[in-house]
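Here is the structure we will look at.
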Amino acid sequence: MPFDKYTKEVWKGSVITSPLPPTLVTCGTEEKPNVFTVAWTGILCTQPPVTYISVRPERYSYGLISETGEFVINLATEQLVKAVDLCGVKSGRNVDKFELTGLTREKAAAVSAPIIAECPVNIECKVRDKISLGTHDVFVADILKIDAAKELLDEKGRLALEKSGLLAYAHGDYFALGKRLGNFGFSVRKKNKKRKKH
Ligand SMILES: Cc1cc2nc3c(=O)[nH]c(=O)nc-3n(C[C@H](O)[C@H](O)[C@H](O)COP(=O)(O)O)c2cc1C
């Protein structure tokens, strides 16, 4: 069956993305914590596990991350969408965003920044490099620890993240994830063969 096609207009280079995770990034210390929303994030390397966040230098959080060299990427869910938006429009310079949103901070295993209890996964990161690109600087970071929700572990210990209602952000809008269409390698997999990790 042929697929649908589009005819195109060519525009100058700009940022249009496919869905990204609008994450809650925590930074600072137990005494001076902050949380802000970051959608410019992703994975750079599987082994060693390396991630990045892209941050404008004028953000209050930028200074905190530069001071400690640490932060946590907390994955957000549908339930948290209003908190995600609030943390992305208010600054920790003027307001305590934990108080404002009601999000609960807890001690992380390996970094000074707190983790958020309401997020199903917390990714504890240590900065290894900073790249200045223009409007944003990219913090490239090693993933030191993952805090995974016990409630989402199945009997085999697999994290059933699909049950958590993860949020997506595309072209200025927040979305709940839609229906599952397949999994990695399903297009070539023979029936009853095990899932392959990538
Ligand atoms: C959905 C969404 C995504 C955002 N993504 C980023 C991002 O990737 N990088 C960034 O520097 N700011 C991003 N922001 C803006 C910051 O979260 C916002 O400026 C925030 O108020 C900064 O907080 P702070 O001053 O407490 O650090 C985003 C905001 C929203 C609402």
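When a ligand or atom number is given, it counts from 1 through the structure's own listing order. A quick note: this is a predicted structure, and the numbers were derived from the prediction, not measured. Below, all heavy atoms of this structure are taken into account, side chains as well, without hydrogens, waters or symmetry copies.
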Checklist entry - Quick one: side chain to side chain donor-acceptor pair (under 3.5 Å) partners of Ser66, sequence neighbours excluded? => result none

Next on the checklist: What I want to check is whether the side chains of Asn74 and Thr26 have a donor and an acceptor closer together than 3.5 Å.
Outcome noted: yes

Next on the checklist: Taking side chain to side chain donor-acceptor pair (under 3.5 Å) as the definition, give me every residue that meets it alongside Asp137, ordered by chain and number, with sequence neighbours left out.
Outcome noted: Tyr62, Ser132

Expected rows: ligand 1 N/O, protein N/O, dist below 3.5 Å:
unit_1	atom_1	unit_2	atom_2	d
ligand 1	5 (N)	Thr37	O	3.4
ligand 1	5 (N)	Ala39	N	3.0
ligand 1	8 (O)	Ala39	N	3.2
ligand 1	8 (O)	Trp40	N	2.9
ligand 1	9 (N)	Ser54	O	2.8
ligand 1	11 (O)	Arg56	N	3.0
ligand 1	11 (O)	Arg59	NE	3.0
ligand 1	12 (N)	Arg59	NE	3.0
ligand 1	12 (N)	Arg59	NH2	3.1
ligand 1	14 (N)	Thr37	O	3.3
ligand 1	17 (O)	Thr37	N	3.3
ligand 1	17 (O)	Thr37	O	2.8
ligand 1	19 (O)	Arg59	NE	3.2
ligand 1	19 (O)	Arg59	NH1	3.2
ligand 1	21 (O)	Lys90	O	2.8
ligand 1	23 (O)	Lys97	NZ	3.0
ligand 1	25 (O)	Tyr60	N	3.2
ligand 1	25 (O)	Ser91	OG	2.7
ligand 1	26 (O)	Asn34	ND2	2.9
ligand 1	26 (O)	Gly92	N	2.7
ligand 1	26 (O)	Lys97	NZ	2.9
ligand 1	27 (O)	Tyr60	N	3.4
ligand 1	27 (O)	Ser61	N	2.8
ligand 1	27 (O)	Ser61	OG	2.5

Checklist entry - Is a side-chain N or O of Glu118 found less than 3.5 angstrom from the main chain of Thr104, in a donor-acceptor match? => result yes

Checklist entry - What residues, two or more places apart in sequence or in another chain, satisfy side chain to side chain donor-acceptor pair (under 3.5 Å) together with Glu70? => result Ser112

Next on the checklist: Testing the 3.5 Å rule here: is there a donor-acceptor pair between the side chains of Arg93 and Asn34?
Outcome noted: no

